[in-house]
Amino acid sequence: MLAEALCVISALLTVLAIVLLALVHLDASYEPADSVLRSLPDVITTLSFVVVGLIVTLKRPGNLVGWALSLAGIGFLFGGVLGLYAELALLAKPEAGLPGGAAAAALSGGSWTPLMAGVFLLLLVFPSGRFPSSRWRLVARVVLVGFATVWVLISTGPGHLDPPFDAYDNPLAVTSSKGYLVAAFPIIGFCLVCVALAAINLLLRFRRSQGQERQQFKWFAGSAGLLLFGLPFAAAFNYSGIGGAAMGIALFALPISVGIAVLRYRLYEIDRIINRTLVYGAVTALLAGLYFGIVIGLQAAFGGLTRGNDLAIAGSTLAVAALFRPVRRRIQAFVDRRFYRRRYDAQQTLDAFSARLRDEVDLDQLGADLGSVVHHTMQPTHVSLWLRRR
């Protein structure tokens, strides 16, 4: 019943967010602080948390992973709706006299707290959907109450609102004392320490995991690694353009990978995805560096003759294109040897057996070789070979 109610609430919030976003950005007399292209990745990321969280919650209501994703997504979506309404009421259409604009701005200032609470809960209960121990259950309750308290303190703090609403005072302030918000800092510090400890606990459980649970952890680790790679890349482009798109993709991949891991849908394809990501990422970086190295080298060697010369650029492009396949082959072999040693050894064993198979005529020896190959590649508990006699 609660999961269905969350579906209705999230649908209403999504429609409201789209309407407010359109009203703010389609007003010709007002220029928003963020363009549609900058706001769109945030909307997509938030909706990915909401949609995946609701799907997992509906299919596995007893699994806390779905509730953690829903908490993060719906809480952040609610804060976004409040911020858009405040921007419409206070900045875009102040002459309309829409009520509660300053109060909505005050409430939106702490909307990051449910997102952090959801991430903390996700780190703690992934992938089983249960707390690691009763002690962690108690810590989780304290942290969730702590984040809720921080949101209340931020929303009721005295003084001006956060930009771009800093021209307005907080109408929800309960006191004029400037030391009011000091109480929030130790609570925030405690909660962030608990988030870090939950992440460490996740890494320890990852190291101890086996079988299917390890595959679930690989999906989460893959998306987390993509996020860590996307952060400096996005920062280099000031979180706009290509950098913003890369950050949006990385954030979008996080709830998707969690949903795949929990629902166990095509679970074992993560090894292939990680392998291809390592190979093609390394090939792209190496060839891009080689291309710019060739262009800069030609300019340094021949000076103005090659500067802006289409023939030199075309020659560099053809040289890099010709190197793509051999470079990819060598990097693929290196990645297989370094990170997928068992599969590499199995492939080597199969290649050696194929070479012997062309010259082997003794069925007994062939059966023994086949049993050895199966034992080394598949590692079964028992191997038997049956040959039909004429």
Side-chain angles (χ1 to χ4, degrees), residues 6 9 13 42 45-46 49-50 53 64-83 86 100 102-126 129-166 168-205 224 227-228 231 251 254-255 258:
L6 286 179
I9 293 173
L13 287 175
D42 294 336
T45 302
T46 304
F49 272 89
V50 173
L64 292 179
V65 170
W67 297 102
L69 290 173
S70 299
L71 173 63
I74 295 176
F76 200 62
L77 180 61
F78 178 65
V81 168
L82 290 174
L107 289 171
S108 67
S111 60
W112 56 269
T113 53
L115 177 64
M116 289 299 301
V119 170
F120 165 74
L121 194 60
L122 178 63
L123 293 173
L124 205 56
V125 302
F126 181 84
R130 299 186 302 271
F131 291 106
S133 65
S134 57
R135 185 176 302 174
W136 272 113
R137 183 184 291 107
L138 177 61
V139 172
R141 291 174 180 172
V142 174
V143 171
L144 293 179
V145 172
F147 277 122
T149 304
V150 170
W151 193 353
V152 172
L153 290 175
I154 292 176
S155 301
T156 57
H160 296 289
L161 297 172
D162 294 333
F165 311 109
D166 45 351
Y168 297 89
D169 290 327
N170 186 0
L172 301 180
V174 296
T175 180
S176 59
S177 174
K178 295 183 178 180
Y180 177 75
L181 290 177
V182 175
F185 292 108
I187 302 176
I188 294 174
F190 170 77
C191 292
L192 293 180
V193 168
C194 290
V195 172
L197 292 176
I200 294 173
N201 180 267
L202 181 73
L203 292 175
L204 294 177
R205 287 186 284 120
L227 182 60
L228 292 177
L231 279 172
L251 289 172
L254 184 63
V258 170

Exercise. With sequence neighbours excluded, what pairs up with F120 under the ring pair (Phe, Tyr, Trp, His ring centres under 6.0 Å) test?
Worked result: none
Seminar exercise, completed: G118 and A72 have their tightest heavy-atom pair at CA-CB, 4.0 Å
Exercise. What is the distance from atom CG of L71 to atom CZ of F49, rounded to the nearest 0.5 Å?
Worked result: 11.0 Å
Problem set entry | H160 side chain reached by D169 side chain, heavy atoms, under 4.5 Å | yes
Exercise. Which distance, rounded to the nearest 0.5 Å, do you find between the CH2 of W67 and the CG of L122?
Worked result: 15.0 Å
Seminar exercise, completed: Rounded to the nearest 0.5 Å, the CG atom of L192 sits from the CD1 atom of I187 at a distance of 12.0 Å
Seminar exercise, completed: Between A140 and F131, the two heavy atoms sitting closest are CB-CE2, 3.5 Å
For this session: Say whether, by atom type as modelled, one donor and one acceptor occur between the side chain of W151 and the main chain of L107 under 3.5 angstrom.
Result: yes
Problem set entry | Nearest heavy-atom neighbours spanning G53 and L69 | CA-CB, 3.6 Å
Exercise. Okay, side chain of N170, backbone of A106: is any donor-acceptor separation there less than 3.5 Å?
Worked result: no
Exercise. Are the side chains of N201 and W136 in touch, meaning some heavy atoms are under 4.5 Å apart?
Worked result: yes
Exercise. How long is the span from the CD1 atom in I154 to the CD1 atom in I188, to the nearest 0.5 Å?
Worked result: 5.0 Å
For this session: With the side chain counted from C-beta on, respond yes when F78 and I9 share a heavy-atom pair under 4.5 Å apart, and no when they do not.
Result: no
Exercise. Which distance, rounded to the nearest 0.5 Å, do you find between the CG of L172 and the CG of L161?
Worked result: 8.5 Å
Exercise. Do the non-hydrogen side-chain atoms of M116 and C191 ever get within less than 4.5 Å of each other?
Worked result: no
For this session: Looking only at non-hydrogen atoms, find the nearest pair between R205 and F126 and report the distance.
Result: NH1-O, 2.5 Å
Exercise. Has the side chain of S108 got a donor or acceptor atom that lies under 3.5 Å from a matching backbone atom of A105?
Worked result: yes
Seminar exercise, completed: Of all heavy-atom pairs linking A173 and P158, the shortest is CB-CA, 3.8 Å
Exercise. Rounded to the nearest 0.5 Å, how far does CD1 of I74 lie from CG of L6?
Worked result: 4.5 Å
Exercise. Is the shortest heavy-atom distance from the side chain of C194 to the side chain of V139 under 4.5 Å?
Worked result: yes
